[in-house]
Every structure is written in C-alpha cells, then in structure tokens.
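We number each residue from 1, following the sequence as shown. Heavy-atom basis, side chains included; hydrogens, waters and symmetry copies ignored. Atoms within each ligand, like the ligands themselves, are counted from 1 in listed order.
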Amino acid sequence: MIGIFDSGIGGLTVVKGIMDTLPGYDIVYFGDTARTPYGTKSSRTVIEYCLQNTRFLVNSGAKMIVMACNTASSVATEAVRASFDIPVFEVVTPAVDLCLTTTKKAVIGVIGTRATIASGIYEKKILGKNPDAKVHCAPCPLLVPLVEEGWLKKPETTMIVKKYLHPLKVRQIDTLILGCTHYPILKNVISRKIGKRVAIIDSSIAMAKGVRSFLADHPDLDSTLAKTGTARFFVSDITPQFRKTAGRIIGRPIELLQADAAAFPA
Ligand code: DGL
C-alpha cells in the first residue's frame, strides 16, 4: 500500500495524480484536517506532526510514504527518513526537476506557504542544479484556507491571487512552481493572473511521475505493493465542507474516515 499524507485535503491532488499515473495501486491517505494549516507553524511542530502521520500510515499497512505537502517536505523530510526504514518521498525535488526541464529563460517563480518559502528549500535546490537561474519566491498564506473552504471561483479569491502574483509578474518569470499541494486546485485562476505564457509546474503531477519511475527501478518494492484498486481516506477531523472539497478534488464523492483522534494530539 502507498501511504500519502498532507496537512489537510490539498494532498488529494497528489492522490489524484498517483491514481491516474499508477492505476490500481492501493492507497491509504491521511489528511490532518484537525491541525491544518501546517504552513503557519514552527518546524518543530510540523516535524512532530509528520512523525505521527507517518506512524499512522505505517500502522495502516503503508510500505512507502509520500509526503504530499510542500511544507512537510520542506522541514520534516530528514526527520521522517531517519525514523522510518521505508522509502519516503518528498514533493520538492520532483517539482524542481520538472521545472528545470521546462523553463526556457530560467527565470522562475515559486509560490508556497510561509513555512515553505521561509525554509528557502526551492531556491537552494534550483540553484544547486542551475546556479544561473533567477528565483523569485512569494508566500501566499491565504490560499490554503480559501481552497479548504471551497472558494475556488469567488471574485475575492481572484483578487488575492492577483495581488500575490504581482511581484512575480513584474520580474517576468517564464515558469511558476505551485509549491503547495493545495494550489493545483486554483491552477486556472493562477494561470490567468500570471499570464498564459508562463509555464505552470504542478508538483502533484511531478510527484506522481517520480513515484512511478522509482517503482519501475525497484521491482522488489513494487511487488510488495497491493494492487486491488482500494483507496482509503482518513482525516483527523471530518466536516461537511471537507467532504465536499475532497470529492471535488478526486472528481467523485469519496468516503472520509475518522482517524483515531488519540494518535494526533493537538
Ligand atoms: N498543502 C500543504 C503544502 O503543500 C500546506 C498547507 C498548510 O497546511 O499550510 O504546503
């Protein structure tokens, strides 16, 4: 089983990518809806939460972990890898690799939560692979609550997106990394506001392709993964709004299951 977690339901964009790219693979998802957002919290707290989330998925049968959250990937990858003896995927590297093969001018914009942008991980990884690149980053803290609330087409959302993207637009970026797994849900409005000529890098798709090629290179692991097409979606708190948004992301209604609250102390 592939275990996938996010701070909330934004990581379902990665689940969708994995379901489309690796059809039939069994999936167990955990969205930490009771403690979302992670992007405004300290690294210490995010690491603690990520270790608990991973433990839950491993106990549920996961043989590999996909951290479908840029914030978690930015600050907690090392800690999770050090604590669990199974493959752990983070979402930043595949997004950077896809960006570098896509960009023409190497003038790159990155948007993400405050914690992801403050970690500096995107600049570090991009410049590590292309020291001549120009990287412009912008934190967009209001976008996650707007997505979780389902405000995808509201004029207020369009206005906020436009304001956040303005500093990147004036730098004439040619490629924009959506450095948060919630943002692909706002891809249309983001693309309209940054300009259709800017290539958008969707980390959920980059991640799914990365997992597929890893499994192709590791048939021993691949053979241990069940492929009965079962997907279970756990969250730490269920509300009708989460149900609605989750179904919208996956493209069909899904059943959200309540994870044992004791495993996720606030
Ligand atoms: N979806 C998460 C990310 O990719 C973060 C949202 C949050 O909890 O702040 O960064």
Side-chain angles (χ1 to χ4, degrees), residues 4-18 29-54 65-77 80 88-96 98-99 109-123 125 137-152 157 160-161 164 176-187 190 200-208 210-211 233 235-237 239 241-242 245-246 248-250 264 266:
I4 305 174
F5 77 82
D6 176 42
S7 61
I9 50 181
L12 290 174
T13 58
V14 174
V15 173
K16 177 86 174 62
I18 289 183
Y29 179 80
F30 174 70
D32 199 0
T33 47
R35 303 187 295 193
T36 196
Y38 283 8
T40 51
K41 299 199 166 60
S42 68
S43 303
R44 196 177 59 89
T45 298
V46 174
I47 290 171
E48 188 60 34
Y49 289 176
C50 290
L51 293 173
Q52 291 165 0
N53 301 346
T54 306
I65 297 293
V66 173
M67 298 170 69
C69 174
N70 283 261
T71 307
S73 299
S74 301
V75 303
T77 302
V80 174
V88 174
F89 288 83
E90 46 81 26
V91 75
V92 176
T93 307
V96 166
L98 181 61
C99 169
V110 183
I111 54 175
T113 63
R114 268 199 225 291
T116 298
I117 299 302
S119 76
I121 191 150
Y122 273 100
E123 286 106 312
K125 284 199 188 268
C137 298
C140 304
L142 293 175
L143 299 190
V144 167
L146 288 170
V147 169
E148 298 268 339
E149 197 50 41
W151 279 32
L152 308 185
T157 304
I160 292 167
V161 167
Y164 279 144
L176 176 66
I177 297 181
L178 307 184
C180 172
T181 51
H182 284 68
Y183 299 173
I185 301 153
L186 294 171
K187 200 165 169 178
I190 290 172
I200 305 281
I201 304 299
D202 179 339
S203 53
S204 60
I205 294 173
M207 173 69 127
V211 171
F233 302 94
V235 288
S236 47
D237 190 34
T239 66
Q241 187 55 43
F242 286 141
T245 310
R248 193 183 282 181
I249 298 171
I250 293 293
F264 307 99

Side chain to side chain contact (heavy atoms under 4.5 Å, CB included) filter on Ile249, not counting sequence neighbours, yields Leu12, Thr13, Ile185, Thr245
Honestly, for Thr40 the part within reach of ligand 1 (heavy atoms, under 4.0 Å) is neither
Rounded to the nearest 0.5 Å, the CZ atom of Arg248 sits from the CG atom of Leu152 at a distance of 4.5 Å
If you measure from each heavy atom of Gly8 to ligand 1, is any distance below 4.0 Å?
no
Sorted by chain and number, sequence neighbours left out, side-chain hydrogen bond (donor to acceptor under 3.5 Å, both in side chains) with Tyr122 holds for Asn70
Any heavy atom of Val144 under 4.0 Å from ligand 1? The part involved is side chain
Logged contact type for Thr181 with ligand 1, heavy-atom cut-off 4.0 Å, is both
Nearest non-hydrogen protein atom to atom 6 (C) of ligand 1, with distance, is Ser7 OG, 3.4 Å
closest protein heavy atom to atom 10 (O) of ligand 1 is Thr71 OG1, 2.8 Å
One should read off an interatomic distance between His182 NE2 and Thr36 OG1, to the nearest 0.5 angstrom, of 5.0 Å
Quick one: sort the Phe30 and Phe264 rings into parallel, tilted or perpendicular, breaks at 30° and 60°. parallel
Under 4.0 Å from one or more heavy atoms of Gly39, ligand 1 contributes atoms 7 (C), 8 (O), 9 (O)
Output for pair (Asp32 CG, Asn53 CG), nearest 0.5 Å, gives 5.0 Å
Taking only non-hydrogen atoms of Thr36 and a 4.0 Å limit, the atoms of ligand 1 in range are 8 (O)
*asked:* In the structure I gave you, are the side-chain heavy atoms of Tyr183 and Ser204 within less than 4.5 Å of one another anywhere?
replied: no
d(Leu146 CG, Leu186 CG) to nearest 0.5 Å is 7.5 Å
Below 3.5 Å, N or O to N or O, backbone or side chain included: is there any such pair between Asp6 and ligand 1? yes
So the atoms of ligand 1 within less than 4.0 Å of a heavy atom of Tyr38 turn out to be 7 (C), 8 (O), 9 (O)
For atom 1 (N) of ligand 1, the closest protein heavy atom turns out to be His182 ND1, 2.6 Å
Nearest non-hydrogen protein atom to atom 2 (C) of ligand 1, with distance, is Cys69 SG, 3.3 Å
Applying a strict 4.0 Å limit to heavy atoms, is Gly10 in contact with ligand 1? no
Original post:
Is the closest N or O pair between Asn70 and ligand 1 shorter than 3.5 Å?
Top reply: yes
(request) Begin from the C-alpha positions of Asp237 and Thr33 and carry the test side chain to side chain donor-acceptor pair (under 3.5 Å) through to its verdict. (result) CA-CA 5 Å; Asp237 190 34; Thr33 47; 5.4 Å; no
